[in-house]
Amino acid sequence: MSAYILGIESSCDDTSAAVFKDDTILSNKIANQDVHMEYGGVVPELASRAHQQNIIPVVDKALKDAGVTASQIDAVAFTRGPGLMGSLLVGTSFAKGFALANDIPLIEVNHLHAHVLAHFIKEPDEATEHPEFPFICLLVSGGNSQIVLVKSYTEMEVVGQTIDDAAGEAFDKCAKVMGLPYPGGPLIDKLAKEGNPEAFIFSKPRIKNYDYSFSGLKTSFLYFLRDQLKVNPDFIEENKKDLCASLQKTIIDILLNKLELAAKDLKINQIALAGGVSANSGLRNGLEMLAKRKKWKTFIPKFAYTTDNAAMIAVTGYFKYEEKQFVDHSVAPFSRVVF
Ligand code: KG4
């Protein structure tokens, strides 16, 4: 029998609720928080307060858009972590209250698994192609950069990950150095389209295995600009597009080189992208070009499912519902990565 699943996401600064009928999306609502703009990054305390204000209206809207009432929901899935503790507590507490009030099971979801399983979201009346197990997923977001070997809906192995900053952090921090507003990733992407990616060379890390490092690049970018500004105070303004294009190319090269190595060693030719940075047009194009050469089959999620959203939580919840993987109400959120 079909099941209606409510998904709740509140790990960072987006409050989101989604309603699914099995693995098919009926609605996905997101309330963004503009309050962080003026601080140049997410302020955890402000994020939890905004979640508290947003959560009930967002759930209400998601139910209405899906044409489903609260009493029809069969299970509620929520992001348990990783993320900001105060933010996670709002979604977790809401989910517990909803489950209790409607006498339905509670399902915890790992935010990172959900990013990967976003590839299995089905649209009504639309044929969508999904990766086949096992596949490799390059998960790149503001908090994570990982190469994940996905063996099944519930079995995933991190084969490589960043030892310091995430790719999204590298975009955002370098953008900040150039005076761009937060989050800088999308702006760098936009400006890079008109710049020369070969204009400047930035250092690339030499890290073992399939791991990543982005803190060296951030430092070399900072020192390079500091030196150039001594000579020409308008250096950034005059070279912004080329700086963005060159920086973006460096980050993409770093990401794709390790992905290529992992795919070769693990003998896998189904490659998926996930996470906020997978919205980057240069990364999408770079992956497609590499895939052509390597004869990979690639899967790039719809834009709406790359950044934080409850649709990916609900679909993951559905797969756990099928396996009756429920949790009791003593469950608490976790802030750190536990893959
Ligand atoms: O997955 P996500 O929504 O959430 C967190 O991990 O918090 O990812 C957000 C990250 C930010 O660092 C943002 O700058 C980056 O994704 N991002 C991009 C683009 N769109 C979002 N980075 C580069 N190019 C983009 N088009």
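Fair warning: this is a prediction, and the values are worked out from it, not measured in the lab. Atoms within each ligand, like the ligands themselves, are counted from 1 in listed order. When reading the values below, keep in mind they use all heavy atoms of this one structure, side chains included, and skip hydrogens, waters and symmetry mates.
Atom 10 (C) of ligand 1 has Gly142 N, 3.5 Å as its closest protein atom, hydrogens excluded (heavy atom only). Of the protein's non-hydrogen atoms, Gly276 C, 3.4 Å is the one closest to atom 16 (O) of ligand 1. With respect to atom 24 (N) of ligand 1, the closest heavy atom belonging to the protein is Asn280 ND2, 3.0 Å. The nearest heavy-atom contact from the protein to atom 7 (O) of ligand 1 is Asp308 OD2, 4.1 Å. Nearest protein heavy-atom contact of atom 15 (C) of ligand 1 is Val277 CG2, 3.9 Å. Looking only at heavy atoms of the protein, atom 19 (C) of ligand 1 is closest to Pro186 N, 3.7 Å. For atom 14 (O) of ligand 1, the closest heavy atom belonging to the protein is Asp172 OD1, 2.6 Å. Annotation: atom 26 (N) of ligand 1 to nearest protein heavy atom, Asp189 OD2, 2.9 Å.
Here Lys297 does not pair with Glu132 in a salt bridge; the nearest charged N to carboxylate O distance is not below 4.0 Å. Ion pairing of Asp172 with Lys176 is absent here, as no side-chain N (NZ or NE/NH1/NH2) approaches a carboxylate O to less than 4.0 Å. Looking at Arg49 and Glu45, a side-chain N of the basic residue comes within less than 4.0 Å of a carboxylate O on the acidic one, giving a salt bridge.
A centroid separation of 6.0 Å or more is found between the aromatic rings of Phe20 and Phe319.
With no hydrogens or angles considered, a side-chain donor-acceptor pair links Ser281 and Asp189 at under 3.5 Å.
Geometrically, ligand 1 and Gly185 share a nitrogen or oxygen pair separated by less than 3.5 Å. At least one N/O-N/O distance between Ser141 and ligand 1 falls below 3.5 Å. The N/O atoms of Gly275, backbone and side chain alike, include none that comes under 3.5 Å of an N/O atom in ligand 1.
Tested against Phe221 for a ring-ring contact (aromatic ring centres under 6.0 Å, His included), the candidates Phe200, Phe202, Phe214 yield a single pass: Phe202.
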